[in-house]
Amino acid sequence: MTVQPLADTNLFKPIQVGRYQLQHRVVLAPLTRYRNDTDQAPTELAVEYYSQRSSKAGTLLITEATFISAAAGGYDLAPGIWSGKQITQWNRVFNKVHENKSFIFVQLWHLGRASKPDALKARGLPYVSSSANYITDEDKQLAKKVGNELRSLTIDEIKQTVKNYAQAAANAIKAGADGVEIHGANGYLPDQFIQAVSNKRADQYGGSVENRVRFVLEIVDAVVAEVGADRTGIRFSPWGTFGGMGGAEYNPEEPFGYLLEQLEKRAQEGRRLAYVHLHEPRTGALFSAHESVAGDNSFAYKKWSGTVIRAGAYHTDYNITKKDVNQNDRTLVAFGRTFIANPDLPERLEKGWELNKYNRDDFYGIGAKGYIDYPFHK
Ligand SMILES: O=C1CCC=C1CO
């Protein structure tokens with residue numbers, strides 16, 4: 001991969017995102033790091049980690065995926081935004097980001113069937129999804145073994161979950177965040193409703209595309225009512241296969257095209273989201289820039305007239321980055337792994353400086369190594 005200065009591209013033009021004026025279009029992508037404390041709250045190292053990556057004024061950061069409630073979780077060292085301590089600790093992170101005159105949105109997460117039935121059982125919590133449709137047979141065997149079999153959310157539970165998203169959004173703003181991103185991608189709960197491969201319901205939340213997107217639109221409407229459309233983003237992975245998504249004969253333009261039309265309809269009525277964030281097909285299989293899946297997100301621009309953040313191995317070819325960010329004036333690019341290894345990534349991209357290489361072995365774990373010890377450019 002050859003680096004080149006991107007200062008003269010749209011990537012370094014200011015842009016209004018929701019109620020915020022960003023100074024450039026490089027975004028910290030949401031990155032699970034499994035480095036929180038035993039109360040699922042950010043640590044002091046997290047304060048430093050996000051501070052480093054907000055060092056160029058006017059940067060937009062999206063936090064690692066953050067559970068809306070204990071029932072939404074199941075991964076011990078991932079963070080939440082439901083308890084007082086979590087809110088207090090996130091506030092320390094957000095204050096440092098704001099000292100650097102940057103902005104941060106909290107990604108709101110519900111695992112659904114991607115959770116662990118044994119971890120949920122230990123907390124006395126149910127293992128739920130749109131339908132009792134496991135990702136793998138191993139999940140099914142484990143769920144049976146621990147006595148926490150996957151089941152469909154009831155209508156009342158769906159309504160309560162929507163309220164939990166709104167409460168988590170309110171908590172994020174109370175903690176000082178600038179906004180929230182609804183995590184609708186990568187096979188988590190909203191995606192489990194959107195996609196027919198996982199949603200086998202026969203009620204108003206299943207079957208037709210209109211019914212399958214009902215849950216995520218209820219979440220959008222509740223979060224927007226709570227914190228405002230201009231402080232709300234949403235992420236989708238239309239071409240993703242992670243978490244058992246996609247499947248044979250699957251055309252994502254059908255559910256996601258309709259979903260974007262509904263978001264645009266809301267925008268025309270005065271409730272335009274700050275942004276729609278899309279995973280690129282080349283990282284559809286996640287965890288590798290090389291297990292690309294077929295597909296193209298250009299359909300989204302025809303359905304949605306607002307701001308778009310695009311993510312997916314953009315560090316591998318600057319010419320793709322230039323093409324995608326220059327094709328219109330409403331595209332930002334999110335970087336994940338490369339931002340892990342380069343705390344000053346925006347400046348390195350602007351000036352064409354060499355990039356630190358990331359070490360996948362250090363993505364997760366406790367302590368400073370691989371978290372806050374990557375060097376800034378000399
Ligand atoms: O979205 C994804 C895929 C793997 C982990 C998360 C949450 O940040």
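Both counts, for ligands and for their atoms, begin at 1 and track the order of listing.
- Scanning all heavy atoms of the two residues, the minimum distance from Gln21 to Pro14 falls at NE2-CB, 3.4 Å.
- Checked against a 3.5 angstrom limit, the closest N/O atoms of Thr32 and ligand 1 fall inside it.
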CA sep, side-chain torsions, deciding dist, call: Ser305, Arg272, side-chain contact (heavy atoms from CB on, under 4.5 Å): CA-CA 9 Å; Ser305 307; Arg272 182 172 292 285; 4.0 Å; yes
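- Within the listing of ligand 1, atoms 7 (C) sit less than 4.0 angstrom from a heavy atom of Trp109.
- With no hydrogens or angles considered, a side-chain donor-acceptor pair links Gln160 and Asn164 at under 3.5 Å.
- By the 6.0 Å and 45° rule, Arg282 does not stack over the aromatic ring of Trp239.
- Under a 4.0 Å criterion applied to the non-hydrogen atoms of Ala65, ligand 1 contributes the atoms 7 (C), 8 (O).
- Between the side chains of His279 and Ser237, no donor N or O sits under 3.5 Å from an acceptor N or O.
- Distances from atom 1 (O) of ligand 1 to the heavy atoms of Leu111, Thr283, Asn186, Asp191 put Asn186 nearest.
- For the ligand labelled ligand 1, residue His183 lies inside the 4.0 Å heavy-atom shell.
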